[in-house]
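Below: the structure, in structure tokens.
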Amino acid sequence: MKKHNFFAGPSILSQYTIQNTADAILNFADTGLSLMEVSHRGKEFIAVSDEARSLVKELLDVPDSHDVIFLGGGASLQFCMVPYNLLKKKASYLDSGSWASKAIKEAKIFGEVEVVASSKSVNYCYIPKDYTVSPDSDYFHITTNNTIFGTQLHAIPEVSIPLAADMSSDIFSRPIDISKFDIIYAGAQKNLAPAGVAIVIVRKDALGKAGRPIPSMLDYQIHIDNESMYNTPPVVPVFAALQTLKWYKELGGIVVMQKKNEEKAAILYDEIDRNRLFTGTVAVEDRSLMNICFVMNDEYKALENDFASFASKAGMVGIKGHRSVGGFRASTYNALPIESVKALVETMQAFEKSV
């Protein structure tokens, strides 16, 4: 039976990425050695790292004012690296979900943090919109997509100060204007590669102004100067990231990915709105294209476990909702084929008929 992978992260990867990475683990670049055992300083892997950073720049149209680096530690390490490198006195944050809240916690270690708005009191079911960002803040931090709660910023805020963004769960899913940001970071395990690496896009002239000593491993400038090779990089995730980037280019780039993602999300949201058993959990205007959360309507709550079992038998994997929301969550990242979304919709319809 075919499995349809809706896990929120680590999540589905393209077969192109999986097959090429598996081949390299057996024999990397015809060296006769595994990717897992070659030197990261060897010319074969340096070529991988260079090409991966180059493709990020090409696919996202990164201007010359910004650099791209790959770092270990995932996005969670960036929660402290961003303020370590950019926060002088005060930073502003939008609290739109659990990961935004964790980023706020880390930033408070380095200076004053102004939370401009929060939807926490209603379990993050919408993106706050009516807020003012202090012009004297060193930067404004946003989380563009909230994996747990299924909300997404569909427009980038216009602010007069530097902008920082966690794009872990929607990077490469739509075109973005990189020039609007001083820093963008993203964990790889949604739309890029296996867990273990993060991508960082940073404006060159934003660095070196925090006025504090920064440990070498946490200093963006040192990683830029060493072209992501200051320490041993996570070679397998970086190689896998390159395969995904090549796949995106072959498919036609990020605009094509956006169209596919919009189509997948529309199919599933239409069914959630039509089906008498289910309801969405967030404000319609803030619905995510990447993480689609839904629950049983109140009169059918007792059937949630029955539907979970029914869906599992139909090959649906990873649709259990996060404990903060409950119900169900279908993550429709770039690598998820539209056939999987249609299969989930058919499963929902079949279960509705059985009730």
Side-chain angles (χ1 to χ4, degrees), residues 5-14 17 56 59-60 70-71 73-79 82 93-104 119 124-127 141-156 163-176 178 181 183-201 237 240-241 244-245 248 254 257-258 260-262 264-265 268-269 280-283 286-294 318-325 328-336 340-341:
N5 184 357
F6 292 95
F7 274 120
S11 56
I12 188 171
L13 292 169
S14 72
T17 298
V56 171
L59 288 166
L60 294 180
F70 286 100
L71 300 176
S76 291
L77 182 59
Q78 299 308 309
F79 295 164
V82 169
Y93 278 68
L94 181 66
D95 181 20
S96 57
S98 295
W99 300 112
S101 179
K102 291 182 185 218
I104 290 166
S119 51
Y124 297 118
C125 68
Y126 71 96
I127 300 287
H141 180 283
I142 58 174
T143 305
T144 54
N145 187 78
N146 297 287
T147 316
I148 291 174
F149 299 94
T151 58
Q152 186 175 27
L153 276 78
H154 295 296
I156 302 303
L163 193 58
D166 177 356
M167 293 189 179
S168 291
S169 52
D170 65 351
I171 197 166
F172 301 112
S173 71
R174 56 181 174 171
I176 49 176
I178 303 293
F181 298 86
I183 190 163
I184 293 167
Y185 62 91
Q189 66 271 23
K190 317 286 187 179
N191 269 336
L192 190 59
V197 69
I199 184 173
V200 178
I201 305 170
T244 299
L245 295 166
Y248 289 159
I254 304 306
M257 301 314 303
Q258 180 184 32
K260 290 178 180 291
N261 291 327
E262 289 174 345
K264 289 185 292 186
L268 185 49
Y269 280 124
T281 61
V282 302
D286 297 327
R287 284 174 162 177
S288 171
L289 299 183
M290 297 282 96
N291 308 102
I292 299 175
C293 297
F294 57 103
I319 66 166
K320 182 179 180 181
H322 190 274
R323 60 185 176 278
S324 301
V325 179
F328 309 96
R329 173 177 56 181
S331 294
T332 53
Y333 299 125
N334 289 352
L336 185 81
S340 290
V341 175

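There is no side-chain donor-acceptor pair under 3.5 Å between Asp166 and Thr143. For Asp286 and Thr151, the side-chain atoms include no donor-acceptor pair closer than 3.5 Å.
Considering only heavy atoms from C-beta on, Trp99 comes within 4.5 Å of Phe79 through its side chain. At least one side-chain heavy atom of Met290 sits under 4.5 Å from a side-chain heavy atom of Asn261. Looking at Gln258 and Pro175, their side chains come closer than 4.5 Å, going by heavy atoms from C-beta outward. No side-chain heavy atom of His154 sits under 4.5 Å from any side-chain heavy atom of Ile127.
To the nearest 0.5 Å, atoms OG (Ser324) and CZ (Phe149) are separated by 4.5 Å. Note that the CD1 atom of Ile142 and the CG atom of Leu94 stand 7.5 Å from one another [nearest 0.5 Å]. Interatomic distance, Tyr185 OH to Leu77 CG, rounded to the nearest 0.5 Å: 10.5 Å. The CG atom of Leu163 sits 8.0 Å away from atom CD1 of Ile184, with the distance rounded to the nearest 0.5 Å. Taken from CD1 in Ile201 to CG in Leu60, the straight-line distance is 5.0 Å, to the nearest 0.5 Å. If you take NZ on Lys260 and OG on Ser173, they are separated by 14.0 Å, rounding to the nearest 0.5 Å.
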* To do: May I have the step-by-step check of side chain to side chain donor-acceptor pair (under 3.5 Å) for Asp170 and Thr144, ending in yes or no?
  => CA-CA 7 Å; Asp170 65 351; Thr144 54; 2.7 Å; yes
* Criterion side chain to side chain contact (heavy atoms under 4.5 Å, CB included) on Ile199 and Met167, from CA distance to verdict -> CA-CA 10 Å; Ile199 184 173; Met167 293 189 179; over 6 Å; no
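Panel note: side chain Asn191, backbone Asn334; a donor-acceptor pair is recorded below 3.5 Å. For Ser168 (side chain) and Gly187 (main-chain N/O), a donor-acceptor pair under 3.5 Å exists by modelled atom type. A donor-acceptor pair is defined here as one N or O able to donate and one able to accept, closer than 3.5 Å; such a pair exists between the side chain of Ser11 and the backbone of Lys190. Put simply, the side chain of Thr332 gets close to the backbone of Leu289: a donor and an acceptor are under 3.5 Å apart. Looking at Thr244, its side chain never comes within 3.5 Å of a backbone N or O of Thr17 through a donor-acceptor pair. Formation of a donor-acceptor pair under 3.5 Å by the Lys264 side chain with backbone atoms of Leu336 is found in this model.
Residues passing the ring-ring contact (aromatic ring centres under 6.0 Å, His included) test with Tyr248 are Phe172, sequence neighbours excluded. Residues satisfying the side-chain contact (heavy atoms from CB on, under 4.5 Å) test with Thr281, not counting sequence neighbours, are Cys293, Val295, Val325. Shown here are the side-chain contact (heavy atoms from CB on, under 4.5 Å) partners of Asp95, two or more places apart in sequence or in another chain: Ala100, Ser101, Ile104, Val115, Ser118, Lys120, Tyr124. With sequence neighbours excluded, the residues that form a side-chain contact (heavy atoms from CB on, under 4.5 Å) with Ser331 are Ala8, Asn291, Arg329, Tyr333. Partners of Tyr93 by ring-ring contact (aromatic ring centres under 6.0 Å, His included), not counting sequence neighbours, listed by chain and number: Tyr139, His141. Every residue meeting the side-chain contact (heavy atoms from CB on, under 4.5 Å) condition with Val197, not counting sequence neighbours, appears here in chain and number order: Phe70, Ala188, Pro234, Pro237, Val238.
The minimum heavy-atom distance linking Phe294 with Ile292 is given by the pair CD2-O, 3.7 Å. Minimum heavy-atom separation, Ala186 to Ile171: CB-CG2, 3.8 Å. Across all their heavy atoms, Ala165 and Phe181 have their closest contact at CB-CE2, 3.6 Å.
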